[in-house]
Every structure is written in structure tokens, then in C-alpha cells.
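Residue numbering restarts at 1 for every chain, and letters A, B, ... go by the order of the sequence lines. None of the values given here were measured: they were computed from a predicted structure.
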There are 2 protein chains.
Amino acid sequence: MSSIKIKIQLVANDDIAMGPGKADLLDAIQQKGSISAAAISMNMSYKRAWDLVSIMNKSFKQSLITTSVGGEKGGGAQVTDFGLQVLAQYRAIETKTNDAVSDETQVLMQMLVDS
Amino acid sequence: MSSIKIKIQLVANDDIAMGPGKADLLDAIQQKGSISAAAISMNMSYKRAWDLVSIMNKSFKQSLITTSVGGEKGGGAQVTDFGLQVLAQYRAIETKTNDAVSDETQVLMQMLVDS
DNA sequence: GCACGCTATATTTTTATAAATATAGCGTGC
DNA sequence: GCACGCTATATTTATAAAAATATAGCGTGC
């Protein structure tokens, strides 16, 4: 059973503040405890993940991710409480929008060619 | 007063079925009566507009845009009734999502750096 | 039969994005 | 003091997307 997925991008002053990619990366970092492990799990280059982390930390009032270098595990990354709040807020927006327009998207889906 | 804009992309089998760009192009074609005039009004190349029209016509069960070549005005393009229905459905989804999560997006906006 | 304005399409060039590679630095523990 | 695993960053290479350019065709009206 196929269906339409809704991608929601929150855009502030011309660049994307939060979208599915960054949200998923936050999730993965929280789960894995490091940027590199998160990147690998998402099939993403470390550089790309690190760039996204940098952009996120710069675009919000507080850091969403803190990192540490060296130590027994070589270092790591943690999602801050503030980061978890941002993520929860984004997930809430995702859920609410999907709920709000499920009927309408189904109608539109039926207008698409079968695939 | 700045605010977050929500970009909604309806994604079916890996490629975007409808997003803000295609919707705006449909609007412009309906208003201008030609692909080229619509493209100019959107600061878009004719080729890009034509490609989008082609993709839209292929991805829906019926054509959203019909075109004619030659004639007194050189030709033109019209949005079909079906195209108008698709557009209306997309706009309805946009409006409903914005209404459904305006509170949540405002909270998220306040978490962003001032710009 | 030529000019006009549009559709239709191919080809080339430019630009932007992503991926790959390389290197340095850090702190713990052996 | 060396290895490990991670962060941090620069540089290069490859790929994809967009833009630019070019050309052909159509039908009306002069």
C-alpha cells in the first residue's frame, strides 16, 4: 500500500531552520552518542553530519548538540535538553500536520498515476 | 515582523508530486495563459517551467496543463479543470497545516536566533 | 511568404551540492 | 609514548542541478 508522505520544512529567513534531515540526525545522535556513529547509521558522510550540526547550533539561541573531544571513547556528542525540546516541537508539528490533512492528501494521492 | 514559513512537499514514490514551486507555477500559468509568460513572471527559465509542466502532466492521471502551438498569439497554455482541482487541493492542504500548527511554529520560532 | 510569439527539444556551459580524501588535535588507557 | 576513536577542518574531486544557448516547428495575420 503506497501513500503520500508529507515533508515539512520550517523555513526562516530563506534557509531551512528544521526539516526531516536535521530532525532525523538529532534523533540518531541522541541514540548513538556521537556524530560519526549517527552519520554512519544514516548513510551520511561525517562531514555532512558535522556541517548540519554546526548549522543547527548556529541557527538556534542555544546549542542543540554539545561535543567533546578525546577521552576513553575518543569523544562524542550529546543532544542538549534544548535540542530535545526543538526536536519534540518539530515532531509535534509533523504529527499534527499529518493528522490535520490526512483526508486531503488521500484525495490528492488518488489523482496521481498508479505506480 | 519575521515568521517561519512552512514548506509542504507531497512526496510520492521518492519524487515530489506537488510542492510550492509547482503550485505557484500552476497559478502563474492560469493567470498568464502561457508557459513562457508564467516563467518570466516567476523569474524562471522557460525550459525549467516547461520541464515542470511535463513532469506534472506525467505524474497525474490527467493533464494539469494543456498547450497549443501557433495561432494568433503564437500559442499558449491552459490549466485544466483537473489541474485546478489539484491546485485547490494542494492549497487546502497548505492552509489547513498552517492553521493546525501555528502555535507550535511560533514556539519554535522563538527558539531561533534573532535575525 | 514573411514576421510574430509561443511550444518543443537538444546541447552545451555554468553553478551548486555532495562526496571523498587528507590532516591535525584531543584525552584516556594500556 | 603509542593506539584508539572521536571531533574539527581544509582541500580536492565527482556528481547533480540549473542556466544558458541554439534550433525547429506551428498557425494566424498582415
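One N or O on the side chain of A/Lys61 and one on the backbone of B/Gln110 form a donor-acceptor pair closer than 3.5 Å.
In this structure, CE on B/Met109 lies 7.0 Å from CD1 on B/Ile4, to the nearest 0.5 angstrom. A/Lys5 contributes atom NZ, which lies 13.5 Å from atom CG of B/Leu10 (distance to the nearest 0.5 angstrom). To the nearest 0.5 angstrom, A/Glu104 atom CD is 4.0 Å from B/Lys96 atom NZ.
Contact check of residues 23-34 of chain A against DNA chain C (heavy atom, cut-off under 4.0 Å) returns no residues at all.
Heavy-atom contacts from other residues, nucleotides or ligands closer than 6.0 Å to CG of A/Asp81 number 12 or fewer. The number of heavy atoms from other shown groups lying within 6.0 Å of NZ (B/Lys73) does not exceed 12. Atom CG of B/Asp14 has 12 or fewer heavy atoms from other residues, nucleotides or ligands within 6.0 Å.
Across the protein-nucleic acid pair, A/Ile65 atom CD1 and D/dC6 atom P stand 17 Å apart, rounded to whole Å. Spacing between atom CG of A/Asp15 and atom P of C/dT17 amounts to 12 Å, rounded to whole angstrom units. Put simply, CE on A/Met42 is 16 Å from C1' on C/dA19, counting in whole angstrom units. Counting to the nearest Å, the C1' atom of D/dT28 and the NZ atom of B/Lys73 are 12 Å from each other. Here the P atom of nucleotide C/dA20 and the CD1 atom of A/Ile40 are 13 Å apart, to the nearest Å. Distance B/Glu72 CD to D/dC30 C1': 13 Å, rounded to the nearest Å.
If you chain together hydrophobic residues whose side chains sit under 4.5 Å apart, A/Val107 and A/Leu112 never meet in one group.
The partner of C/dT13 is D/dA18, judged by Watson-Crick or G-U wobble contacts that both fall below 3.5 Å. Look at C/dA24: its Watson-Crick or wobble partner, with both distances under 3.5 angstrom, is D/dT7. Base pairing of D/dT12 is made with C/dA19, judged by Watson-Crick or G-U wobble geometry with both donor-acceptor distances under 3.5 Å. Using Watson-Crick or G-U wobble geometry with both donor-acceptor distances under 3.5 Å, D/dC2 finds its partner in C/dG29.
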Show the distances under 3.5 angstrom between N or O atoms of the protein and N or O atoms of nucleotides 8-10 of chain C.
residue, atom, partner, partner atom, Å
C/dA8, OP1, B/Thr67, OG1, 2.7
C/dA8, OP2, B/Trp50, NE1, 3.0
C/dA8, OP2, B/Thr67, OG1, 3.3

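B/Gly76 comes within contact range of the sugar-phosphate backbone alone, with a heavy-atom separation under 4.0 Å but no base atom that close. Heavy atoms of A/Gly74 sit under 4.0 angstrom from at least one base atom.
For the pair B/Ser36 and C/dG5, the criterion of a side-chain N or O lying under 4.0 Å from OP1 or OP2 is not met.
Taking the nucleotide of DNA chain D with the nearest heavy atom to each of A/Ala37 and B/Arg48, the more 5' of the two is matched to A/Ala37.
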CA sep, side-chain torsions, deciding dist, call: B/Asp24, B/Arg91, salt bridge (charged side-chain N to carboxylate O under 4.0 Å, His left out): CA-CA 10 Å; B/Asp24 290 350; B/Arg91 293 301 185 203; 2.9 Å; yes
